[in-house]
Amino acid sequence: MNYEKIHQPCGDCESSDALTVNLDGSTKCFACGKYTRTQDAVNTVTLPTPLPKQVKALKERPDAFLMGFKDRRILSSTSEKYNVTQTADSQLTIYPYYDKDGCVVAEKLRTPEKKMWFEGDKSTSVLFGQQLFPKDGKVVTITEGEFDAMAAYQMLKTPCVSVRTGAQSALSDCKENFKWLDSHETIVISFDNDEAGKKAAEEVAELFGSKARVMKHRGVAESVERKDACDWLKDRKEAEFVRAWQESEWYKPEGIVTMADIRDRLLKPPELGVPWCFPTLTELTYGRRRGELFGFGAGVGVGKTDVFTQQIAFDIETLNKKVGVIYLEQNVVETAQRVMGKLDKKLYHIPDAEWTRDGYINSIDRLEARDQLYMMEHFGTMDWATIKSIIRFFNKAYGIEHIYLDHLTALSANEFDERRALDGIMADMAGLAQELGIIIHFISHLTTPDGKSHEEGGRVQEKHFTGSRAIARWSHFMFGLERNKQEENLILRQTTTFRVLKDRFTGRATGMKFGLLYNQSNGILSETALITEEAL
């Protein structure tokens with residue numbers, strides 16, 4: 001006779017109970033996912049003992065079964081209702097499975113060692129216990145196992161059913177019996193209190209939407225967590241189980257919250273974000289908050305990377321933060337030299353600047369000892385998927401919250417539709433920042449404007465950012481840097497106008513600007529009043 005074994009040990013991933021032997025002898029492990037063909041399965045899998053034909057002989061004996069399960073405190077009246085039986089030597093428990101017409105079409109057999117297999121054709125069966133209860137009921141409870149269904153019924157006295165082969169089949173089993181389950185006003189999901197059970201509960205709850213409730217196996221008046229309904233019954237906690245069942249939470253799709261859910265966060269007063277290296281910018285933006293995106297745009301060679309590097313040094317030195325740096329147009333040696341230079345007020349990347357070899361080596365040693373600068377070594381174009389994985393690794397492995405990406409445009413340079421690609425990248429980047437609670441600073445190239453070029457001091461506008469609609473849609477702040485590199489007057493040539501183009505936080509900073517003066521002797525940018533050519 002054909003049969004199926006479930007919850008068997010897997011030899012490939014060492015799982016103790018994730019392997020299923022199918023009716024044709026093939027195997028599938030639901031832990032590692034390996035599938036073995038029929039012939040391989042026949043050669044490697046040992047059949048259960050006793051074999052199905054021996055079980056049949058046992059079942060023909062009128063005195064072969066004992067009713068009730070004392071070790072689980074399941075009453076004989078409960079086992080009789082579900083028609084669950086056990087051999088006289090307690091070596092096999094038999095759970096009957098019925099079809100929609102109320103006929104037994106399969107039986108699950110279980111040994112004390114938790115080896116299980118099916119005899120018959122379970123493909124036509126309904127959920128365990130489903131034949132006992134009419135449809136269109138007020139409430140039905142779904143469990144992950146047959147004993148749990150019986151235990152829950154004994155405590156609740158309301159319809160309780162079980163999926164056929166645990167969490168792995170929960171969603172498919174409920175889909176097959178969707179009409180019967182969905183005919184009830186409320187569906188309580190009481191799966192095992194483990195990762196597999198929680199995942200399956202989420203999937204099944206999503207299937208039934210607003211009428212689904214998910215039970216947590218935690219006592220209302222105690223902090224003890226239990227695995228399943230059987231644990232409550234064995235611990236003589238029937239009343240507590242009923243209370244926990246009554247307080248099962250209505251299913252809400254991920255991301256939906258109520259005022260009660262965010263009350264604790266609401267009670268926290270608004271706080272300033274972490275500061276910028278420029279006090280005026282901190283005042284205008286109220287600092288930087290986790291989950292925000294900050295976009296910088298400027299013409300070629302205007303100094304946006306230099307602003308970035310000074311901010312990186314500030315985060316390291318003043319805020320004592322770790323930073324993740326992804327510069328796609330500057331090698332890691334030069335990046336490190338420039339960060340060291342900002343920290344020491346030295347131009348280490350310029351060979352004939354005023355610095356000594358000993359001072360340079362000491363600077364390397366100090367920055368290395370701080371263990372705060374993490375860089376990705378790459379040059380040129382790069383796809384967003386790779387960058388995203390690097391950012392995630394920076395955060396998860398090193399606890400980095402401040403990310404610097406120079407530049408965004410390189411991530412879409414090889415795409416057929418650059419603007420559409422940027423739209424997807426920006427949306428994903430915004431989601432990543434919120435998910436990880438990080439601050440992402442990024443640089444964008446600009447399109448050629450009408451009139452004066454950006455390299456000659458032309459004003460930067462939102463629309464000049466490459467892929468501007470996507471960047472404007474998802475960025476919390478956008479900044480433009482303006483400087484005339486061809487200006488004859490040295491002060492004007494070294495002065496950058498820092499302009500706030502977008503302020504999503506309050507809107508007040510939009511249009512505000514201030515000056516940054518570059519010191520050629522030490523490479524430091526300092527705030528300064530904006531001076532016009534006419535004023536000189």
Side-chain angles (χ1 to χ4, degrees), residues 273 275-288 292-314 329 338 342 347 404-409 441-468 471-472 475-536:
W276 296 92
C277 59
F278 308 119
T280 297
L281 189 57
T282 301
E283 183 180 347
L284 291 173
T285 63
Y286 294 91
R288 298 167 287 165
E292 291 185 334
L293 304 183
F294 295 89
F296 294 73
V300 177
V302 170
K304 50 190 179 296
T305 303
D306 199 52
V307 169
F308 252 36
T309 308
Q310 187 158 323
Q311 186 62 56
I312 289 168
F314 178 85
E329 290 187 340
R338 287 177 176 268
K342 292 290 188 181
L347 299 173
Y404 290 85
L405 172 60
D406 181 6
H407 55 92
L408 176 71
T409 320
H441 316 75
F442 67 90
I443 286 172
S444 172
H445 283 178
L446 303 178
T447 58
T448 303
D450 296 329
K452 186 185 295 186
S453 71
H454 295 120
E455 291 73 25
E456 294 179 331
R459 181 169 175 173
V460 177
Q461 300 179 42
E462 282 186 32
K463 66 180 182 180
H464 296 155
F465 282 63
T466 303
S468 58
I471 295 173
S475 296
H476 295 78
F477 285 84
M478 294 173 67
F479 306 122
L481 306 180
E482 303 158 6
R483 182 167 64 87
N484 185 357
K485 299 192 299 181
Q486 306 304 319
E487 172 61 51
E488 293 183 3
N489 182 278
L490 179 60
I491 295 179
L492 291 178
R493 190 165 70 242
Q494 298 299 330
T495 300
T496 299
T497 298
F498 192 108
R499 191 185 302 274
V500 180
L501 303 175
K502 177 190 176 182
D503 171 7
R504 179 189 291 179
F505 188 58
T506 67
R508 298 175 184 174
T510 301
M512 301 297 287
K513 59 184 178 180
F514 60 94
L516 294 175
L517 180 62
Y518 181 76
N519 187 322
Q520 287 186 305
S521 64
N522 61 20
I524 299 299
L525 289 159
S526 302
E527 287 192 31
T528 185
L530 289 172
I531 304 174
T532 63
E533 185 176 359
E534 292 77 9
L536 293 173

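When all heavy atoms of P279 and C277 are compared, the pair lying nearest together is CD-O, 3.6 Å. L517 and I491 make their closest contact through CD1-O, 4.0 Å (heavy atoms, listed as atom of the first residue, atom of the second, distance). When all heavy atoms of A298 and L481 are compared, the pair lying nearest together is CB-O, 3.5 Å. Nearest heavy-atom pair across A472 and E462 is CB-OE1, 3.5 Å.
Interatomic distance, R288 CZ to L293 CG, rounded to the nearest 0.5 Å: 13.5 Å. R493 contributes atom CZ, which lies 9.5 Å from atom CG of N484 (distance to the nearest 0.5 angstrom). Expressed to the nearest 0.5 Å, how far CG of L516 lies from CG of L530 amounts to 8.5 Å.
Under the 4.5 Å side-chain criterion, counting only non-hydrogen atoms from C-beta, E456 is not in contact with K485. Looking only at side-chain heavy atoms (C-beta outward), F477 and L501 stay at 4.5 Å or farther from each other. Two residues are said to be in side-chain contact when any heavy atoms from C-beta on lie closer than 4.5 Å; Q311 and F294 fail this criterion. Side-chain contact between Y404 and I443 is absent, with no heavy-atom pair separated by less than 4.5 Å. Between T506 and T285 there is no side-chain heavy-atom pair separated by less than 4.5 Å. No side-chain heavy atom of F296 sits less than 4.5 Å from a side-chain heavy atom of F465. Looking at F442 and S475, their side chains come closer than 4.5 Å, going by heavy atoms from C-beta outward. In this structure, H441 and F308 have side chains that are in contact, with non-hydrogen atoms separated by less than 4.5 Å.
Counting heavy atoms of neighbouring residues, nucleotides and ligands inside a 6.0 Å radius, atom CD of Q494 exceeds 12 of them.
Partners of R483 by salt bridge (Lys or Arg N to Asp or Glu O under 4.0 Å), not counting sequence neighbours: none found. Among residues two or more places apart in sequence or in another chain, the salt bridge (Lys or Arg N to Asp or Glu O under 4.0 Å) test is passed with E455 by none. For S521, the side chain to side chain contact (heavy atoms under 4.5 Å, CB included) partners are N519, not counting sequence neighbours. Checked against salt bridge (Lys or Arg N to Asp or Glu O under 4.0 Å), K342 has the following partners two or more places apart in sequence or in another chain: D306.
Judged by distance alone, with hydrogens and angles left aside, the side-chain atoms of E329 form no donor-acceptor pair with the main-chain N or O of D406 at under 3.5 Å. Of the possible polar contacts, none joining the H464 side chain to the T447 backbone as a donor-acceptor pair under 3.5 Å is found. Side chain of E487 to main chain of N489: a donor-acceptor pair is present (N/O by atom type, distance under 3.5 Å, no hydrogens or angles). Checking side-chain atoms of T282 against main-chain N and O of G287 turns up no donor-acceptor pair under 3.5 Å.
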Side chain to side chain contact (heavy atoms under 4.5 Å, CB included) evaluation trace for L408 with I471: CA-CA 10 Å; L408 176 71; I471 295 173; 3.7 Å; yes
Between L347 and N522, does a side chain to side chain contact (heavy atoms under 4.5 Å, CB included) hold up when you go through it step by step? CA-CA 6 Å; L347 299 173; N522 61 20; 5.9 Å; no
Would V500 and K513 satisfy side chain to side chain contact (heavy atoms under 4.5 Å, CB included), going step by step from the backbone distance to the final call? CA-CA 6 Å; V500 180; K513 59 184 178 180; over 6 Å; no
L490/Q520 under side chain to side chain contact (heavy atoms under 4.5 Å, CB included): CA gap, chis, key distance, verdict: CA-CA 11 Å; L490 179 60; Q520 287 186 305; 4.1 Å; yes
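Judged as a salt bridge (charged side-chain N to carboxylate O under 4.0 Å, His left out), the pairs with a partner in residues 494-507 (not counting sequence neighbours) are, in order, E482-R499. Note on residues 484-503: pairs passing ring-ring contact (aromatic ring centres under 6.0 Å, His included), not counting sequence neighbours, are F479-F498, F498-F514.
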